[in-house]
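Written below as structure tokens is the structure these notes are about.
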There are 2 protein chains.
Amino acid sequence: MNSHQESRCENCIIRELNALKTLKKQELMAISNSKETRTIKKGDPIFKEGEKLNGVFCVRDGVSKLSKLSENGKDQIVKIAAKGEVMGQRSLIAEEAANLSAVALNDMQLCFIPKENFTESLSKNPEFIQALLKNMARELKLADDVIVNMAQKTVNQRLAGILLYLEKHCGTDAEGYLSLILSRNDIADVVGTATELCIRSLAKFKKDGLIETKGKRIKINDRNALNQLWEGV
Amino acid sequence: MNSHQESRCENCIIRELNALKTLKKQELMAISNSKETRTIKKGDPIFKEGEKLNGVFCVRDGVSKLSKLSENGKDQIVKIAAKGEVMGQRSLIAEEAANLSAVALNDMQLCFIPKENFTESLSKNPEFIQALLKNMARELKLADDVIVNMAQKTVNQRLAGILLYLEKHCGTDAEGYLSLILSRNDIADVVGTATELCIRSLAKFKKDGLIETKGKRIKINDRNALNQLWEGV
DNA sequence: TAAAAAATATGACTTTTGTCAGGTATGCTT
DNA sequence: AAGCATACCTGACAAAAGTCATATTTTTTA
């Protein structure tokens, strides 16, 4: 399979979305021969916090949550990784075990790139390092912003924020519903609140005409109002 | 002054604490000639969020807060930078304006290293890039952990956490009081709560014998209990 | 398809957090 | 040293968030 044209890294367009786009033909050929394409089912774990990773995972399709178990027994979702994102690279770079757990939010296709290939490029390809560095720097800014929002915004504001985020980053289906269907519990874990509170807030958003729901599915009706709520106007 | 032995980067030991330790003699000589040593008084701003930085600031002495103004009008302190930390490098790497504002928490001595020197080394010195990359990766882990704590811990827990953090990272004086003296308002801005609540919680900690206070100054009496509170036992 | 399990939903209540108003202490300026 | 500004502190109340119990609906599985 790996020898087939489409599964060769040289021809992969997902790469364009991340630091892997800086890899040279030679590096790509090496990776093509050692990489592994994995199919992951919704709900399946990809790696767990504390685990030593022996490679990175490039998301070809689907979406994963990256979460950490807090000492109070609750899971906090720190990041949602969609197509094109590389999971595990932070841990490899820092030479640490994984700090977060990755679980598939829907059926996924991943490319597993072995540590050896990753570190080889990391030590030899300056363009790759530069791209990684820039990527990390941008991630760090996003994380700092999340800290501010977690500390200063209310549950309603943060919930409005993630609905807008999901629409922007994961898109909507033909009927206008958010493509990524999360459980109420997962939404609560992103917001950092209890499931009940999340459900209640969604019910209020619905009553106020900001959103529509149909089972788990959510449609944004009043983007403007949600945005104003998020910004605290 | 710059030609004096002690002010030459080649002889600087602060460098050992960060990525600048990887710089070569030639690079250090160039920086020595263009760098600027700045004395900043307590409360003075170093840079503001949104500002385009034309260099990085290496903390020689003193402590700075890095904060961001939330849309609700409150400042959130995202990081406390002590001796050896380099401020502004994230912005230069990402080629973005500063995301945070830096203000001195006590009298400081900073080395300002111009952007040109920084980016020169960034493009030519692989060891420097590697060190920066590792640094960013570690910072990102810390930020992710703060996100989890902000989302999942109570005000009391977070307050206990920062007291322990201040003791560990900024030390104590001869009498055992925390060396870094913050206003109640600044402590509240780290915790992400209102000043009144911060004061109340400190009063409770005092009543329970966890800490002692003398004006602004705080002494940790029961490290163990604070730690258990932090961990939520 | 029926039963079981899981997820969603709602009500009642508690705890935590935030806010406002006012008081006291502290330090700085003139 | 008096006056002023600032920071610290406290009480009373309001709002937000968390918890527990218990439906109701949806999904899974036997």
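No hydrogens, no waters, no symmetry mates; every other heavy atom, side chains included, goes into these values. Proteins come first, then strands; the chains are lettered A, B, ... in the order of their sequence lines, and each starts at number 1. For clarity, every value in this text was computed on a predicted model and none was experimentally measured.
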Testing the basics here: between B:Ile211 and B:Ile220, what is the closest heavy-atom pair and its distance to 0.1 Å? CG2-CA, 4.4 Å

Residue A:Ile199, side-chain atoms from C-beta onward, closest of C:dT19, C:dA7, C:dT10: C:dT10

Between C:dT16, D:dG18, C:dT10, which one does the side chain of A:Leu197 approach most closely? D:dG18

Is [X] salt-bridged to [Y], cutoff N-O under 4.0 Å?
X: A:Glu96; Y: A:Lys52; value: no
X: B:Arg217; Y: B:Asp173; value: yes
X: B:Lys68; Y: A:Asp145; value: yes
X: B:Arg184; Y: B:Glu196; value: no
X: A:Lys74; Y: A:Asp189; value: no

Looking at A:Lys74, does any N or O in its side chain come under 4.0 Å of the phosphate oxygens OP1/OP2 on D:dT19? yes

At under 4.0 Å, does any side-chain N or O of A:Lys216 touch on OP1 or OP2 of D:dT26? no

Can you measure [X] atom [atom1] to [N] atom [atom2] for me and round it to whole angstrom units?
X: A:Arg184; N: D:dT26; atom1: CZ; atom2: P; result: 12 Å
X: A:Arg158; N: C:dT17; atom1: CZ; atom2: C1'; result: 13 Å
X: B:Lys214; N: D:dC9; atom1: NZ; atom2: P; result: 15 Å
X: A:Asp189; N: D:dA17; atom1: CG; atom2: P; result: 16 Å
X: B:Asn185; N: D:dC8; atom1: CG; atom2: P; result: 8 Å
X: B:Lys204; N: D:dC9; atom1: NZ; atom2: C1'; result: 17 Å
X: B:Ile187; N: D:dC9; atom1: CD1; atom2: C1'; result: 14 Å
X: B:Lys207; N: D:dT10; atom1: NZ; atom2: P; result: 12 Å

Could you pick out which residue, B:Thr193 or A:Gly215, lies toward the 5' side of DNA chain C when each is mapped onto its nearest nucleotide? A:Gly215

The answer to which of A:Lys153 and B:Glu196 contacts DNA chain D further toward the 5' end, by nearest nucleotide, is B:Glu196

Along DNA chain D (nearest heavy atom to each residue), the more 5'-positioned of B:Leu202 and A:Thr154: B:Leu202

Specify the residues of residues 170-183 of chain B, ordered by number, for which at least one heavy atom lies under 4.0 angstrom from an atom of DNA chain D. B:Ser183

Using only modelled atom types and a 3.5 angstrom limit, is any donor from either the side chain of B:Arg200 or the base of C:dG18 paired with an acceptor on the other? no

Look at the side chain of A:Asp107 and the backbone N and O of A:Lys41, then say whether any donor-acceptor pair between them is shorter than 3.5 Å. no

